[in-house]
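Keep in mind it's a predicted model, so treat the numbers as computed, not measured. Quick note: residue numbers are just sequence positions, from 1.
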Amino acid sequence: MKWLKINTVLLVAVLSLWMPLSKADTQFRVIVDASGSMLISDPDKLTSEALRLISNLAPEEKATLGIWLFGEEPRVLLPEAIVNKANKTKLASYVDSYVTQDVKTDLEAIIKLLLETPDSGNLKPGFNRHWILVTDGMVDISLEEAVNKASRDRILNQLTSKLEERGIHLHTISMTGYTDKALLESLSLRTDATHTEVAIPEDLLDTFDRIFSQASPSDELPFDGNRFTVDDAIQELTLVVFHENGIQPHIVKPDGKLLSLVSNAEVSVSSSDHYTLITVRGPASGTWQVNNVDLDRSSIRVITDLSAQATPVAPVIFQNEPIYSTVGLFQKNELIKDDKVLNLLDVKQTLVRLSGEQKETIFSQDTVRTNEQFKQRLDGINEPGNYELVSLLDGKTFSRQLSQFFTVHPAIEFEGTSPGGNLVAFSAKPVNLKLNMLRSNVKLEFTYNNGTTETEEMPLVGQGYWEKIIPVSPGDNVNVRAKLIGMTQTGQRFDYWTPMWHFDRQGNGAPIVTLVNGDMNSSLNMSEPSSNNDVAPVFVPPSVSIVDDVAETSDPLPKESSATEESVADQVLDKANNLSTSEWVLYAALNLGGIVVIAGGIFLYRRIKKNQSLRRDDLDDV
């Protein structure tokens, strides 16, 4: 029987390797302004509802969540932990009772604290980091402006560089128009994240919903009026519906009966004042109906083997940068190539500009089918802002929808200054590391009073930014703008004209540099499309395919000391020496069960490997 004792110990060790297979792939850290002014900016504490919303949206055991408050000094509201029922309950009891009465807002201290705070929870190697900052103020740690400026500079330089190095996406949310927009927007742009200005507190819920969708995209069902259709390939659906305070949504099932909004084996309900999350497992096929909700803000996320997948869109898209989008239909992660199915499939894409509650449709058109995929090129977006690209797949008997959120912003910040003497200086700084500076260049265009123009190359300074220092003669009166001929790190070429600046010098006085009002010459402030006369267009396929191939990584176990390992093994063997007959039978059963689990794991691993290989063969780069 000695072999059975040893085998038991070995099986315990092997099974411990297989048990933590379910690991979180996303980290959410939320930073909330606790200054007294938040009582005015958010009187109904919609921030608390937004915190509950993101914890309810996150699939259990698949994400971690931690919440910190900042003001005069940083403090923890909810320690970071894996999202599960217990932690959701804990969060619900905390978020309604925290106090917002601080006088100062020390943003530097809270970012520094979070950078020094170790990751918590069972996270996969290479997990995604999404941090969310909610504030209604500015950096005001002192009555002395010089102290505040020094803190702000440290945030923009040292701390933001650390955020970039660690791959942290810092989404920023302004609760009022009095925040330091330039600082918050720079934090988000440099970390490939979104900055949102919330017009009314209720918009905070939509913003958190969009940030979660960007961090964890999923298949959706489209609404047809207040109805949606469930097909038999859908295993689970989650309705995220927004509504007025005190209003209860009505969900009508295909059989005409009202869905009971009480949690049970088939239905889970998480309700708040302004939203309700309803998860239905094994939903009935047919047409469902939703009443008493804001349909424009609501969505239906689904888990299904029949899924739509699209080329990922970068969180930050440069103004005028083309977007190549490819959409495919998959059955259990294998691209469907059957013409009988694809001939019935229509794929339409709609680009929507988001501004608070307002949604402006920029275009809506069908994609072009190429082999087994549906493709479209977006030539470039001129207007900065937050956008949503909606892909709708209509298969006649089923439908799927994908929502992809991103920010459009100029690739460079162009600025003029007067450094002293008779000089003016113009600089062009990239907004983030996505711009390949070594393959991009900037040209200055000077327009003089007599209508003549001159063009000069702008030198690259230390591979960090472009700068040109210009001597100004008395009487000079010049308009200047810059043209970026840009290239992204993935090989996308685009052109961008900056807004117009003006400099002049009266007599022997110092030169004056100002930004020209856009209304004076709006045509000069508009982005110019790429011209074949400047540089021949270069088509370089995106480095991403239609679906990300996740590299296989082993999940390293924490290394214990050899003494600890020996002591644990000795304890197990000592107990094995004093086993009764019934215990021997139990251990034998455990051994047999362990062998079955391992065999099943090996079979599943080989199956996943085979599917990944087939997916790679099925997909073609755009």
Original post:
Is any NZ, NE, NH1 or NH2 atom of the basic residue among Lys483 and Glu445 found under 4.0 Å from an Asp or Glu carboxylate oxygen of the other?
Top reply: no
Subject >> Asp153 and Lys149 ion-paired at < 4.0 Å >> reply: yes
Subject >> side chain to side chain donor-acceptor pair (under 3.5 Å) partner of His171, chosen from Thr194, Thr196, Thr207 >> reply: Thr194
Original post:
Any Lys/Arg nitrogen of Glu202 or Arg297 sitting under 4.0 Å from an Asp/Glu carboxylate oxygen of the other?
Top reply: no
**OP:** Could you tell me the separation between the CG atom of Asp42 and the OG1 atom of Thr176, rounded to the nearest 0.5 Å?
**Re:** 11.5 Å
Original post:
Rounded to the nearest 0.5 Å, what separation is found between the OH atom of Tyr387 and the CD1 atom of Ile323?
Top reply: 9.5 Å
Subject >> Salt bridge Asp180-Arg152, side-chain N to carboxylate O under 4.0 Å >> reply: yes
Original post:
Between Trp501 and Phe414, how do the two ring planes meet: parallel, tilted or perpendicular, split at 30° and 60°?
Top reply: perpendicular
Original post:
Could Lys429 and Tyr465 be counted as a cation-pi pair, given that NZ or CZ must be under 6.0 Å from the ring centre and within 45° of the axis?
Top reply: yes
Original post:
Is the shortest distance from a Lys or Arg side-chain nitrogen in Arg190 or Glu164 to a carboxylate oxygen in the other one below 4.0 Å?
Top reply: yes
**OP:** Drop me the distance from Asp192's CG to Ile168's CD1, to the nearest 0.5 angstrom.
**Re:** 13.0 Å
**OP:** Over 60° means perpendicular and under 30° means parallel, so classify the ring planes of Phe503 and Phe446, tilted if in between.
**Re:** perpendicular
Original post:
Roughly how far, to the nearest 0.5 Å, is CG of Asp209 from CZ of Arg301?
Top reply: 4.5 Å
**OP:** Find the distance between CG (Asp25) and CZ (Phe127) and round it off to the nearest 0.5 Å.
**Re:** 10.5 Å
Subject >> Pairing of Asp119 and Arg129 as salt bridge, 4.0 angstrom limit >> reply: yes
